[in-house]
Amino acid sequence: MRRLLPDPADTTPLDLVAGLDLAAGATDTRPYVISNFALTVDGRSTLGGTSATIGSEVDTQMLVALRTAADAILIGAGTMRAERYGNLMGDPAKRELRQRAGRSPVPMLAIVSGGLELPWDAPAFTESDGGGVVIFTSSDEQVPGTTAPVEVVRTPAGVELSAVLEHLRREHDVRSLLCEGGAGTHGGLIEGGLIDELFVTTGPVLGGGSGPGLVSGISERNRRLELAWLCEHDGDLFHRYRVLR
C-alpha cells in the first residue's frame with residue numbers, strides 16, 4: 001500500500017490506524033463514530049448481496065485494523081443477515097494490540113434490528129468470542145437462547161440512533177464506534193449528525209444492478225467532508241474523510 005496524500009510513502013493499514021486516537025473524540029453523551037465501506041466505482045456496496053466480492057485482501061486488512069481501534073462495531077439487521085458475523089477479532093496478536101491500547105480484547109457487536117429478524121444460528125450468537133452482543137429493537141419478540149451473552153434494549157416507539165449511541169457510551173463506556181453498514185444505518189447516522197469520519201475504499205470494479213450504495217434515507221443537502229488521507233494498492237483507493245461541522 002502506498003499513501004498518496006499527505007506525505008507520499010509506503011505504509012500498511014495497521015500503520016495507518018496505529019496513530020489514530022479515536023476515543024479522544026468521544027463526548028459524555030456519545031462515542032466518536034467512524035464508518036467503513038467498500039464500494040464499486042459506480043457506487044455499489046454489495047454485489048450478489050454481499051460486500052465480499054468488492055473488497056480486496058488489503059481492504060480486509062484495513063477493516064481489521066479499524067476494528068482494532070474501536071470499542072464496538074455497529075451494524076443493521078440487514079448487514080447481519082447478509083454477512084452473518086462471527087468472531088470480530090480472531091487474531092491473537094490483534095487482541096493483544098487492543099489490550100495494550102487499553103481496550104477489551106474483542107470489540108462489542110451492536111445490532112439495530114426493528115423486528116428481531118436475525119440469523120440466530122450465526123457465529124456471533126452461537127459462539128462466544130468475549131466481546132458480547134447488544135441488540136436495539138422495537139420488537140417485543142423473545143430472543144432465543146444464545147451461547148454468546150446478548151443484551152436486548154427495547155424501545156417500543158422505535159430505535160433512535162442517538163439513543164443507541166448514548167446507551168453504548170453510558171452503559172458500556174464505548175468511546176469509539178465503527179459502523180460497518182448497512183446503507184440505512186449509515187444514512188441514519190449521517191442524517192442525525194452522528195458520524196465523525198468515513199473510511200471508504202473504492203475498488204476497481206463496476207457493479208451495476210440495484211444494490212445499495214454508501215447511504216440511503218438521507219435528505220438532500222450539501223454535507224462537506226475533508227480528505228484526511230488517500231492511499232492506493234493494486235487499483236483500490238482508500239479514502240479517509242472527516243465530516244466538517
Side-chain angles (χ1 to χ4, degrees), residues 1-27 31-47 51-71 73-74 91 93-94 97-98 100-101 103 107 175-183 185-187 189-207 211-216 218 220-245:
M1 171 184 276
R2 181 161 179 80
R3 184 174 61 238
L4 305 179
L5 296 170
D7 305 323
D10 291 334
T11 186
T12 68
L14 204 57
D15 286 341
L16 283 168
V17 173
L20 302 182
D21 185 8
L22 304 179
T27 69
Y32 193 79
V33 181
I34 66 173
S35 62
N36 182 70
F37 280 79
L39 299 175
T40 63
V41 170
D42 54 331
R44 305 302 179 190
S45 62
T46 67
L47 292 176
S51 62
T53 56
I54 298 175
S56 64
E57 180 180 347
V58 175
D59 175 61
T60 300
Q61 292 173 14
M62 177 63 77
L63 172 64
V64 173
L66 289 172
R67 285 180 176 179
T68 67
D71 293 327
I73 311 300
L74 176 68
D91 184 351
K94 300 295 192 306
L97 184 64
R98 287 177 56 84
R100 288 203 304 268
R103 288 182 284 276
R175 295 167 296 164
S176 52
L177 181 72
L178 170 61
C179 173
E180 296 184 4
T185 301
H186 194 213
L189 290 170
I190 291 174
E191 187 69 10
L194 302 171
I195 283 277
D196 298 294
E197 297 191 24
L198 293 79
F199 292 78
V200 181
T201 302
T202 303
V205 178
L206 285 171
L214 183 66
V215 297
S216 67
I218 66 173
E220 184 177 352
R221 62 184 177 86
N222 193 335
R223 298 169 176 85
R224 297 295 301 171
L225 306 175
E226 175 187 49
L227 182 63
W229 76 40
L230 175 64
C231 301
E232 186 274 339
H233 178 81
D234 200 22
D236 282 335
L237 292 176
F238 299 85
H239 310 76
R240 176 191 175 196
Y241 293 104
R242 297 188 186 97
V243 178
L244 297 178
R245 306 295 185 191

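These figures come from a predicted structure and were not determined experimentally. The first residue of the sequence shown is numbered 1, and numbering continues consecutively from there.
Every residue was checked against the ring-ring contact (aromatic ring centres under 6.0 Å, His included) condition with Tyr32, not counting sequence neighbours, and none meets it. Qualifying side-chain contact (heavy atoms from CB on, under 4.5 Å) partners for Arg242, counting only residues two or more places apart in sequence or in other chains: Glu197, Glu226, Ala228, Arg240. A search for side chain to side chain donor-acceptor pair (under 3.5 Å) contacts involving Thr12 returns Asp15, not counting sequence neighbours. Legend: residues meeting salt bridge (charged side-chain N to carboxylate O under 4.0 Å, His left out) with Glu191, ordered by chain and number and at least two apart, are Arg223. Among residues two or more places apart in sequence or in another chain, the side-chain contact (heavy atoms from CB on, under 4.5 Å) test is passed with Val215 by His186, Ile190, Ile218. Applying the side-chain contact (heavy atoms from CB on, under 4.5 Å) rule to Ser45 yields the partners Phe37, Leu39, Pro212; only residues at least two apart in sequence or on another chain are considered. With sequence neighbours excluded, the residues forming a salt bridge (charged side-chain N to carboxylate O under 4.0 Å, His left out) with Arg245 are Asp196, listed by chain and number. Arg67 is linked by a salt bridge (charged side-chain N to carboxylate O under 4.0 Å, His left out) to Glu180, counting only residues two or more places apart in sequence or in another chain. Residues that satisfy the side chain to side chain donor-acceptor pair (under 3.5 Å) test with Thr40, not counting sequence neighbours, are Asp42. Remark: Leu5 pairs with Leu227, Leu230 by the side-chain contact (heavy atoms from CB on, under 4.5 Å) rule, at least two apart or across chains. Residues that satisfy the ring-ring contact (aromatic ring centres under 6.0 Å, His included) test with His233, not counting sequence neighbours, are absent from this structure. When the side chain to side chain donor-acceptor pair (under 3.5 Å) test is applied to Arg2, the partners found at least two apart in sequence or on another chain are Asp10.
With hydrogens and angles ignored, the 3.5 Å screen pairs a side-chain donor or acceptor of Asp71 with a backbone N or O of Ser176. The closest donor-acceptor contact from the side chain of Arg103 to the backbone of Pro107 lies at 3.5 Å or more, if one exists at all.
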Take Thr202 and Val41 through the side chain to side chain contact (heavy atoms under 4.5 Å, CB included) test and state the conclusion after the steps.
-> CA-CA 6 Å; Thr202 303; Val41 170; 4.1 Å; yes
Hey, mind stepping through Cys231 and Leu4 against side chain to side chain contact (heavy atoms under 4.5 Å, CB included) and telling me if it holds?
-> CA-CA 5 Å; Cys231 301; Leu4 305 179; 5.9 Å; no
List the steps and the verdict of side chain to side chain contact (heavy atoms under 4.5 Å, CB included) for Ile54 and Leu47.
-> CA-CA 7 Å; Ile54 298 175; Leu47 292 176; 4.0 Å; yes
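One finds the OH atom of Tyr241 at 11.5 Å from the OG atom of Ser35 (value rounded to the nearest 0.5 Å).
Around the CZ atom of Arg100, the shell of radius 6.0 Å holds more than 12 heavy atoms that belong to other residues, nucleotides or ligands.
Ring centroids of Phe199 and Trp229 are separated by less than 6.0 Å, placing the two rings close together.
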